[in-house]
Each structure stands twice: as C-alpha cells, then as structure tokens.
2 protein chains.
Amino acid sequence: MIRVLLAEDQSMVREALATLLGLEEDIEVVAQVARGDEVVAAAREHAVDVALLDIEMPGMTGIDAAARLRVELPDVKVVIVTTFGRPGYLRRAMEQGADAFLVKDAPAAQLADAVRRVLRGEKVIDPTLAAAALAEGADPLTTRERDVLRAAADGAVNAEIAKALHLSEGTVRNYLSTAIQKTGARNRSEAVRVAREKGWL
Amino acid sequence: MIRVLLAEDQSMVREALATLLGLEEDIEVVAQVARGDEVVAAAREHAVDVALLDIEMPGMTGIDAAARLRVELPDVKVVIVTTFGRPGYLRRAMEQGADAFLVKDAPAAQLADAVRRVLRGEKVIDPTLAAAALAEGADPLTTRERDVLRAAADGAVNAEIAKALHLSEGTVRNYLSTAIQKTGARNRSEAVRVAREKGWL
DNA sequence: TTCTGGGGATGACAGATGTCATACCCGGAC
DNA sequence: GTCCGGGTATGACATCTGTCATCCCCAGAA
C-alpha cells in the first residue's frame with residue numbers, strides 16, 4: 001500500500017480527494033493536514049511515501065513545504081496539486097525538488113496516476129505548462145522589486161511601502177518603476193496583475 | 001434517489017465531489033458541467049432535483065446560473081458551493097433565490113447534508129457568514145462605479161477606462177473618486193482590493 | 001584588479017490621479 | 001410640483017506616480 005499525505009486547506013476538497021484516492025486498491029491516505037507548516041511533522045509521524053501538496057495554504061505554501069521535505073525527509077516523493085497553472089509556480093516547485101505538478105482542472109484520474117508514477121521515480125508535468133514555463137523565462141524581478149510590488153498589491157501608497165520596508169520613498173519609486181518595465185506594464189496595478197498571472201508574486 | 005447536478009470548473013474537484021456524493025445511499029449525481037452557461041440545459045435534460053453550483057466558472061457565474069434556474073426551472077433547488085465566503089456573494093446568491101450557501105472549507109459532510117435539507121424546503125447558510133453579510137450592509141457602489149472599478153482592476157489607465165466605457169476621462173476620475181471613498185480606501189488599488197474582499201466586484 | 005549587478009539614495013520633471021465645486025438631464029418618490 | 005439620486009460632464013488644483021540621470025557601497029566574477 002502506498003502511504004499518502006494530503007495537504008489542502010479547503011476541507012471539502014481535501015476530504016473529497018482523500019475519499020477518491022482511498023478508493024484505489026493500492027493507495028491509502030494516512031494523513032491529512034490543512035496547513036503548510038504541519039506537513040513535515042505529519043509526513044514523519046505517519047511514514048508517508050508520497051505527499052500531495054496544495055500551493056495556497058495558511059502557514060506555509062506547498063512549495064516551501066516541499067523544500068522542507070526535501071531536506072528533512074528526502075525519500076518522500078512530492079506531488080504539487082494546485083488551482084493555478086502559473087509558470088512561475090511550476091518553475092519554483094521543480095527547483096524545490098517536486099516530483100510532479102498537477103493542476104486541479106486536470107481529470108481526477110491523473111492524481112492516482114501521478115502518485116504511482118513518482119514512486120517509480122518518474123517526474124510528472126503537464127507538457128503544456130512545461131512549455132509555457134520554458135517559453136517565458138525566469139522571474140526577472142529582484143528580491144526587493146518583488147517585495148515592493150507585493151506591498152503595492154495590497155493598495156499601499158508609496159510612503160507606506162517605504163515605511164514598511166525601511167526604504168526611502170524615492171527608492172520605492174525606483175523599484176516600482178523597474179518592476180513596471182520588467183513586467184511590460186504601464187502602472188503598478190497592471191504590474192501586479194501580470195506578476196500574479198505569471199506566479200512571480 | 002435525489003438527482004443532483006454538479007457545476008464546477010476544476011475537473012479534479014468536481015469529480016472528487018461527485019464521487020463523494022455518489023457514496024451516499026440516497027444521492028445520485030446525474031449530471032456534471034464545467035461551465036456556468038451549461039447549467040440550465042443540463043438541469044432540464046437530466047431532470048435534476050438539486051443543482052450544486054460553484055461561483056467562479058467560465059461562461060457564467062454560479063450566481064447568474066442560479067438566477068436562470070429560478071426562472072426556467074423553479075422547482076430545482078440551488079446550493080452554492082464556493083471557495084470564497086465573501087459577504088457580497090452570499091447576499092447576491094440569496095437574492096437570486098439560492099437555497100443554500102456553503103464554503104469549501106466546511107467539512108465535506110455538510111454537502112450531502114445541505115442537499116437533503118434544501119429538498120425539505122430548508123435554507124442552509126453558515127451563521128458566521130450570515131452575520132458578516134448583515135453586519136457590513138449592502139454594496140454601496142452604483143453600477144457605473146462598479147464598472148469603472150472593475151476596469152481599473154485590470155490595470156487600465158484612466159484614458160483607457162474612459163474609452164472602454166464611453167465616458168469622458170473626467171467622469172472616470174469622478175466615479176473612481178467616489179468608489180475610493182465608499183470603500184474607505186486611499187487609492188484605486190486599495191479600493192479594488194476592498195471591493196474584491198467584500199464580493200462587490 | 002576591474003567589471004558587473006543588486007541594494008540604496010537624491011533631485012528634477014512630466015504626466016497621471018484624486019478631490020472638489022458646479023452644472024445639466026432624467027426618472028421616481030413625496 | 002418639487003426633491004433627490006444616478007449618470008455625465010467640465011475646470012481647477014494639489015498630490016502621487018513613474019521616469020531618468022547620477023551617485024554610493026558592496027560582493028562576487030572575470
């Protein structure tokens with residue numbers, strides 16, 4: 001029996017997926033968590049073979065949880081299951097050592113399939129998504145540009161961003177300006193939208 | 001047997017929920033659709049008793065689909081199942097005649113439970129959400145303010161919004177200004193964020 | 001050692017944004 | 001018949017934003 005951990009914050013979805021996987025002859029969902037920061041402990045405690053991780057979760061993202069697993073329990077295979085097929089997410093997930101990357105609008109059958117394949121050592125990635133990730137190149141934003149853009153996304157005004165990040169207001173303007181150019185946008189709102197779509201935020 | 005239609009755009013989630021419901025003795029999922037604009041036809045064709053509708057779907061929102069059902073097939077009970085427990089969504093859903101409103105981070109058992117209860121004529125609403133919806137009052141935005149805010153949310157600049165909505169640029173500024181004040185924000189970005197959180201957009 | 005890129009800052013400037021007063025038209029409420 | 005709110009518009013004004021040139025510091029690469 002393949003021992004699976006399921007990490008997903010929406011109970012209804014998590015329980016439904018667990019039920020679905022539980023119907024497979026060779027799969028057993030031995031642990032469920034709703035927060036990213038509970039993944040490693042639960043994986044260790046229940047000696048899981050595969051961890052299915054959502055990305056958007058409270059506490060810690062599934063991608064960060066994958067990175068932790070890589071360090072602490074390197075034998076656990078990681079399958080990322082996410083709502084958003086953003087190229088940046090895929091890229092980061094693979095960099096953190098994920099073994100599979102699925103989007104939730106793929107057929108449910110792919111889930112059990114991916115679990116079995118990663119255990120055989122395969123990597124499972126949607127080819128369309130892989131192409132998109134390769135086509136668009138890496139995240140061009142520097143750390144600070146991302147920080148500033150993220151702050152701007154909440155609707156903060158330059159002065160507030162400056163205070164929050166301990167920068168001068170002029171520097172905030174500079175970072176925002178370069179971020180706007182790198183995203184090909186015409187103002188901060190559009191820059192935020194573009195960066196979100198690509199998974200850079 | 002209770003005949004259920006399931007409308008949800010993410011296949012994996014839809015199929016998992018269908019499986020879960022199918023395990024219930026008295027429930028049968030007789031139709032599944034991935035788009036809001038296919039709800040009415042499928043409901044009619046399969047003579048469903050209850051329609052479970054996600055809100056965010058391509059083609060048409062679950063709320064609008066609920067309104068159509070109300071008109072065309074008034075006997076079909078409607079259960080809205082959504083990721084976002086936004087008060088504005090709940091309010092609009094109920095105005096369109098929904099019988100239940102569930103959020104996906106509620107336990108999965110509530111789903112089958114809600115299906116049975118709406119068939120008995122009950123309304124099913126999360127009390128916390130109901131309180132939030134009542135506490136915050138109705139959407140204060142006028143139609144045009146909402147239009148302009150929505151256009152601004154995509155990162156469009158004033159001139160573009162004006163062109164898209166056939167308004168003068170000054171008028172766009174006026175609407176944006178009142179929208180900003182009504183949301184208690186300090187600029188368009190924050191106004192968009194607030195409006196989104198409340199489900200006004 | 002020099003070059004390069006990231007982080008940080010300043011000053012100047014043009015253009016975009018947000019606010020306000022004011023005005024007109026219309027339809028429904030009183 | 002008047003009042004009010006929504007929709008639309010203009011002009012003026014004060015800020016905020018976005019861009020650019022230019023500077024400093026530092027670490028790692030060449």
Side-chain angles (χ1 to χ4, degrees), chain A residues 88 91-92 95 136-201, chain B residues 88 91-92 95 136-201:
Chain A
R91 179 181 297 271
R92 272 189 283 155
E95 283 169 3
E136 102 177 0
D139 179 350
L141 301 176
T142 68
T143 307
R144 287 314 239 173
E145 284 162 359
R146 195 164 23 252
D147 291 344
V148 170
L149 200 53
R150 206 174 283 143
D154 293 333
V157 83
N158 284 341
E160 288 168 336
I161 304 175
K163 187 171 291 180
L165 299 181
H166 305 294
L167 292 173
S168 84
E169 207 175 321
T171 304
V172 169
R173 287 223 291 279
N174 289 153
Y175 283 141
L176 226 23
S177 182
T178 59
I180 287 167
Q181 290 177 296
K182 285 179 177 177
T183 52
R186 281 151 311 163
N187 54 51
R188 59 182 64 202
S189 312
E190 202 180 359
V192 166
R193 185 179 56 95
V194 171
R196 277 222 181 95
E197 278 168 9
K198 306 223 179 191
W200 294 341
L201 232 50
Chain B
R91 179 181 298 269
R92 272 189 284 156
E95 282 169 3
E136 105 178 357
D139 181 349
L141 301 175
T142 69
T143 307
R144 285 316 240 171
E145 285 162 359
R146 194 164 24 251
D147 291 342
V148 171
L149 201 52
R150 207 174 281 145
D154 292 333
V157 82
N158 284 343
E160 289 169 334
I161 303 175
K163 186 170 294 181
L165 299 181
H166 306 292
L167 291 173
S168 83
E169 206 175 319
T171 305
V172 170
R173 289 223 289 278
N174 289 152
Y175 284 142
L176 228 21
S177 181
T178 58
I180 287 168
Q181 291 177 295
K182 285 179 177 178
T183 52
R186 281 149 311 163
N187 53 51
R188 60 182 66 203
S189 312
E190 200 179 3
V192 166
R193 185 179 57 96
V194 171
R196 278 222 182 95
E197 278 168 9
K198 307 222 179 191
W200 292 342
L201 230 50

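This is a predicted model, so every value here is computed, not measured. Letters A, B, ... are given to chains in the order of the sequence lines, protein chains preceding strands, and every chain is numbered from 1.
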Q: Kindly state each residue pair satisfying salt bridge (charged side-chain N to carboxylate O under 4.0 Å, His left out) with at least one member in residues 163-180 of chain A, sequence neighbours excluded.
A: none
Q. Arg173(B) CZ to dT15(D) P: how many Å, rounded?
A. 16 Å
**Q.** Sorted by number, the residues of residues 185-201 of chain A with heavy-atom contact under 4.0 Å to DNA chain C
**A.** none
Q) Quick one: bend of the helix from dT1(C)-dA30(D) to dC30(C)-dG1(D) from 5 pairs per end, to 10°? A) 30°
Q) Can you list the residues that meet the salt bridge (charged side-chain N to carboxylate O under 4.0 Å, His left out) rule with Glu95(B), with sequence neighbours excluded? A) none
**Q.** Least distance between heavy atoms, Arg144(A) atom then Leu167(A) atom
**A.** NH2-CD2, 4.1 Å
Q | Where at least one partner belongs to residues 182-193 of chain A, residue pairs that pass salt bridge (charged side-chain N to carboxylate O under 4.0 Å, His left out), sequence neighbours excluded | A | Glu145(A)-Lys182(A), Arg186(A)-Glu190(A), Arg186(A)-Glu160(B), Glu190(A)-Arg193(A), Arg193(A)-Glu197(A)
Q. Can you name the residues that form a side chain to side chain donor-acceptor pair (under 3.5 Å) with Asn187(B), not counting sequence neighbours?
A. none
Q | Gap separating the CG atom of Leu141(B) from the OG1 atom of Thr143(B), nearest 0.5 angstrom | A | 9.5 Å
**Q.** Under the salt bridge (charged side-chain N to carboxylate O under 4.0 Å, His left out) test, residues paired with Arg146(B) that sit two or more places apart
**A.** Asp139(B)
Q.
If the condition is side-chain contact (heavy atoms from CB on, under 4.5 Å), which residues does Gln181(B) pass it with, not counting sequence neighbours?
A. Ser177(B)
**Q.** Nucleic acid contacts of residues 147-160 of chain B, taken as heavy-atom distances under 4.0 Å to DNA chain C
**A.** Val157(B), Asn158(B)
Q.
Are Tyr175(A) and Ile161(A) packed together at the side-chain level, in the sense that at least one heavy-atom pair is separated by less than 4.5 angstrom?
A. no
**Q.** Minimal non-hydrogen separation, Ala152(A) against Ser189(B), with atom names
**A.** O-CB, 4.4 Å
Q. Which heavy atom of Ala156(B) sits nearest a heavy atom of Ala151(B), and at what distance?
A. CB-O, 3.6 Å
**Q.** Nearest heavy-atom neighbours spanning Ala153(A) and Leu201(A)
**A.** CB-CD2, 4.3 Å
Q. With the sugar-phosphate defined as primed atoms, P, OP1 and OP2, and the base as all remaining atoms, what B/S/- string results for nucleotides 5-10 of chain D, 5' to 3', for protein heavy atoms under 4.0 Å?
A. --SBBB
Q | Shortest non-hydrogen separation from Ser168(B) to Thr171(B) and the atoms involved | A | OG-OG1, 2.9 Å
Q | Shortest non-hydrogen separation from Ala191(A) to Ala185(A) and the atoms involved | A | N-CB, 3.4 Å
Q. Residues in side chain to side chain donor-acceptor pair (under 3.5 Å) with Arg150(B), at least two apart?
A. none
(Q) Can you give me the first and the last nucleotide of DNA chain C (5' to 3') that has an atom within less than 4.0 angstrom of a non-hydrogen atom in chain B? (A) dA16(C) to dC20(C)
